[in-house]
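See structure below.
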Amino acid sequence: VRGSRDRLTAVAMLSPSVILLGIFVYGFIAWSIRVSMSDWQGLIPSYNFVGLDNFVRLLFNDRRFQIDLRNTVVFSVVFIGGAIVLGLILAILLDRKLPGEGFFRSVFLFPMAVSFIVTGVAWRWLMNPATGTRTSGLNLLFEGLGLDFLVSQWHTTAPPWGIAYVGIPALWQMSGFAMALFLAGLRSIPDDLREAARVDGASEWQLYWRVIIPLLRPALLSVVIILGHISLKIFDLIIALSGRQLALDVPAIYMWTTTFDANNFSRGAAIGILLLLSVALLVVPYLWYSRRQEAEL
Amino acid sequence: MSAPPSALTPPLVAPARTSGSRSLGIVRKRTLRTLALVFLSFMAVFYLLPIYVMLSTGLKSFEEVNLATMWQLPSGLYFDNFRAAFAALRPNLINSLLLTIPAAIGSSILGAFNGYVLSKWRFRGSEVVFTLLLFGMFIPYQSILIPLVQFMQTINLYGGIPGLILVHIVYGLPIVTLIFRNYFAGVPTELVESARIDGASLFGVFRHIMVPLSPPAFAVVLIWQFTNIWNEFLFAVVLTRPSSWPVTVALNNLAGSQIVEWNVQMAGALLAAVPTLLVYILLGRFFVRGLMAGAVKG
């Protein structure tokens, strides 16, 4: 009797979430797929089946979407690559028990607590490209310090490199996260291992390249997955930094404008599904792998 | 490049007055440590730069504000900019509070239920259920946005704060469930079993054993959810009317406006960041744990 009552309780505790996520994640994805294969353009829903037309158009016949893909690639390389390099350097330095370690760690991590919108608004003024008497932000600072060669057009640089500069505020916000993951990885490497490598005559350089950095592979994987999926769906940072300009367009912004400004719902849904597929390619193997690993423990 | 032994291992011999090569090593070690500190300090300046600009601009008087003197400290402490920004953002700051607090609490409670059942009452297929729940954490919300708007309109929750609360509860469930599941998995099973022998029900164990043990997990989850929901933009801009806009949407609107001066925008940005920054400064420990929970054992 007690067993069946407990089973009921367990079902009662779990089912609200299962039902809600069932609808809001899986049900909605299915519905989006249906919309993406329809001819719905305009305020009145229309679900006539048109197959993969919207996808074919986007992928092969849409100049804007091709710009978006190029922008996503440039941005991802700068953002993810930068976060790995910067995060790794900061983590290795902080791991050496320098004075002020706690302070530095807090400073490198605090931007994570701030909204992308706040970041965008602040950096919009720091990366202001205006010249002459309107010069401001970092350009003004560089001129004042005699570092004129650093003066830049920032994100208004001609495509495709403008989007690369969006990586700077993105790095400002998220590189601390990479640092934290690498630092946790470094701290989990037993000291004996370092000692053993030193006893074997490894130089400090070899110790890092041959022993420690290879051991950080799980942390590296997490950094790539988490930052990779953030960079595929980057949206608010660009909106707050520069509004909506074609030069800095990305799929998430295209999806938003084509759906809610142009009422092209079927194309918007198709972009959403393409984003989902690209994220799934990144995340599903990772989820499967890490769940299996946990099951083996 | 061969560097001196790590700072992690204490020297076996007293550093002073040993052989020549050893003291040379110590000099090099000191130089490297100084270089490392210089680099870290430089990076700290980079990370603090936006805060400096927002704060110093915000504290200038209207007369003092000038793009050409952007980097100079204010001549005194004036609150004109903050007053103007607060006047513009006050209703939205209130909206954000009304949104964030119930949504954080709601998702935490449901997540605690899930985490408990999925860690201590595993059933056939519970791992699959858990993985399916987790996937919701990673989906780009663009892929559910159109059905979401249609659904919220159908159930008459489109446009206002209650609807946005529901949405944040639902999409917060994966990460919250993950954190609670990992936390409860660490509670010794003997504790649960002995309570069972004493006749406790499934919910009794939760109520009398798990809940009293879980303030740290609740702290992590509540702080994580508070920060995320406060900072969220996409759902808010798509699902609410202007009167219900949370602060991120209003701030973005302020920043896009040609009428509002940049100094007021800067002050507004800082105002919008203050609540989550305060939480980070006061309770950063828990925030960082939430951060790691989503990544280390995704």
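Computed over heavy atoms, backbone and side chain alike; hydrogens, waters and symmetry mates excluded. Being a predicted model, the structure only gives us computed values, none of them experimental. Chain letters run A, B, ... following the sequence lines, proteins first, then strands; residues in each count from 1.
- Contact annotation for B:Leu166: only side-chain heavy atoms (C-beta onward) come within less than 4.5 Å of a heavy atom of chain A.
- Within the 4.5 angstrom heavy-atom criterion, no atom of B:Thr57 approaches chain A.
- Across every non-hydrogen atom of B:Ala272 and A:Val118, the tightest pair is CB-CG2, 4.0 Å.
- With a threshold of 4.5 angstrom between heavy atoms, B:Val288 approaches chain A through side-chain atoms but not through N, CA, C or O.
- Only the side chain of A:Ile89 comes within less than 4.5 Å of a heavy atom in chain B; its backbone stays farther off.
- Side-chain atoms of B:Leu145 and A:Met255, non-hydrogen and from C-beta on, do get closer than 4.5 Å to each other.
- Side-chain contact between B:Gln142 and A:Thr259 is absent, with no heavy-atom pair separated by less than 4.5 Å.
- At least one side-chain heavy atom of B:Leu110 sits under 4.5 Å from a side-chain heavy atom of A:Pro16.
- Interatomic distance, CE of B:Met137 versus NE2 of A:His229, reported as 7.5 Å (0.5 Å rounding).
- Using a 4.5 Å cut-off between heavy atoms, A:Trp209 does not touch chain B at all.
- Per-residue counts of heavy-atom pairs under 4.5 Å with chain A were compared for B:Val53, B:Val238, B:Val167, B:Leu49; the largest is that of B:Val238.
- The shortest distance between side-chain heavy atoms of A:Val35 and B:Pro147 does not fall below 4.5 Å.
- In this structure, the portion of B:Tyr116 lying under 4.5 Å from any heavy atom of chain A is its side chain and not its backbone.
- When side chains are defined from C-beta on, B:Phe113 does not count as touching A:Leu14, because their heavy atoms never get closer than 4.5 Å.
- In terms of heavy-atom pairs under 4.5 Å with chain B, the best-connected choice from A:Gly243, A:Gly27, A:Ser106, A:Ala270 is A:Ser106.
- Between the side chain of B:Arg33 and the backbone N or O of A:Pro99 there is no donor-acceptor pair closer than 3.5 Å.
- Listed here is the closest heavy atom pair of B:Ser143 and A:Leu276: CB-CB, 3.7 Å.
- Contacts of B:Val237 with chain A are made by side-chain atoms alone, with heavy-atom separations under 4.5 Å and no backbone atom involved.
- Side-chain contact between B:Phe287 and A:Met112: present, with at least one pair of heavy atoms (C-beta onward) separated by less than 4.5 Å.
- Using a 4.5 Å cut-off between heavy atoms, B:Ile51 touches chain A through its side chain atoms alone.
- Considering every non-hydrogen atom in both B:Met292 and A:Ala184, the closest pair reads CE-CB, 3.5 Å.
- A:Phe265 touches chain B through backbone and side chain together, each having a heavy atom under 4.5 Å away.
- Only the side chain of B:Leu118 comes within contact range of chain A, with heavy atoms under 4.5 Å apart.
- Your options are A:Phe103, A:Trp172, A:Trp256, and the one with the most heavy-atom pairs under 4.5 Å with chain B is A:Trp172.
- For the atom pair CG of B:Leu32 and CZ of A:Arg96, the computed distance is 7.5 Å after rounding to the nearest 0.5 Å.
- Although no hydrogens or angles enter the test, the distance criterion places no donor-acceptor pair under 3.5 Å between the side chain of A:Trp125 and the main chain of B:Met70.
- Counting heavy-atom pairs closer than 4.5 Å to chain B, the top-ranked of the candidates A:Phe28, A:Trp123, A:Tyr26, A:Phe260 is A:Phe28.
- The two residues B:Asn114 and A:Met13 make their nearest non-hydrogen contact at OD1-O, 3.6 Å.
- Counting heavy atoms from C-beta outward, B:Thr248 and A:Ser115 have side chains that approach closer than 4.5 Å.
- Not less than 6.0 angstrom separates the ring centroid of A:Phe110 from the ring centroid of B:Tyr47.
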Determine whether A:Trp31 and B:Gln150 satisfy the following criterion, side-chain hydrogen bond (donor to acceptor under 3.5 Å, both in side chains), listing intermediate values before the conclusion.
CA-CA 10 Å; A:Trp31 189 256; B:Gln150 287 182 286; 2.7 Å; yes
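- In this structure, no portion of A:Val223 lies under 4.5 Å from any heavy atom of chain B.
- Looking at B:Tyr280 and A:Leu109, their side chains come closer than 4.5 Å, going by heavy atoms from C-beta outward.
- Neither the backbone nor the side chain of B:Val247 comes within contact range of chain A; no heavy atom of the residue lies under 4.5 Å from a heavy atom of that chain.
- For A:Val114, the parts lying near chain B are the backbone and the side chain together; criterion is any non-hydrogen pair under 4.5 Å.
- Between chain B and the options A:Val121, A:Val25, A:Leu21, heavy-atom pairs under 4.5 Å are most frequent for A:Leu21.
- The contact between B:Met54 and chain A is made entirely by side chain atoms (from C-beta outward), counting heavy-atom distances below 4.5 Å.
- Only the side chain of B:Val117 comes within contact range of chain A, with at least one heavy atom under 4.5 Å from a heavy atom of that chain.
- When A:Ile23, A:Ile239, A:Leu140, A:Thr9 are compared by the number of non-hydrogen pairs under 4.5 Å with chain B, A:Leu140 comes out ahead.
- Chain A forms more heavy-atom pairs under 4.5 Å with one residue of B:Trp121, B:Phe123, B:Phe151 than with any other, namely B:Phe151.
- Only the side chain of A:Phe104 comes within contact range of chain B, with heavy atoms under 4.5 Å apart.
- For A:Val107, the parts lying near chain B are the backbone and the side chain together; criterion is any non-hydrogen pair under 4.5 Å.
- Shown here for A:Gly137 and B:Trp71, the closest heavy-atom pair between the two residues is O-NE1, 2.8 Å.
- Between chain B and the options A:Ala122, A:Ser17, A:Gly185, the largest number of non-hydrogen pairs under 4.5 Å is found for A:Ser17.
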Chi angles and distances behind the side chain to side chain contact (heavy atoms under 4.5 Å, CB included) call for A:Val279, B:Ile139:
CA-CA 7 Å; A:Val279 169; B:Ile139 59 165; over 6 Å; no
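- Considering only heavy-atom pairs separated by less than 4.5 Å from chain A, the leading option among B:Leu132, B:Val129, B:Val279 is B:Leu132.
- For A:Leu86, the part lying near chain B is the side chain, with the backbone staying farther off; criterion is any non-hydrogen pair under 4.5 Å.
- Looking only at heavy-atom pairs under 4.5 Å with chain A, the residue among B:Ala269, B:Gly268, B:Ala36 that has the most is B:Ala269.
- In this structure, CZ on A:Phe235 lies 14.0 Å from OH on B:Tyr141, to the nearest 0.5 angstrom.
- Smallest separation of non-hydrogen atoms from A:Asp6 and B:Leu202: OD1-N, 3.0 Å.
- Looking at A:Arg124, only its side chain comes within 4.5 Å of chain B, counting heavy atoms on both sides.
- Below 4.5 Å, heavy atoms of chain A meet heavy atoms from B:Thr227, B:Asn231, B:Phe233, B:Leu234, all part of residues 227-236 of chain B.
- Heavy-atom distances place both the backbone and the side chain of B:Phe203 under 4.5 Å from chain A.
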Test side chain to side chain contact (heavy atoms under 4.5 Å, CB included) on B:Phe39 and A:Leu90 and set out the steps.
CA-CA 9 Å; B:Phe39 178 75; A:Leu90 293 177; 4.0 Å; yes
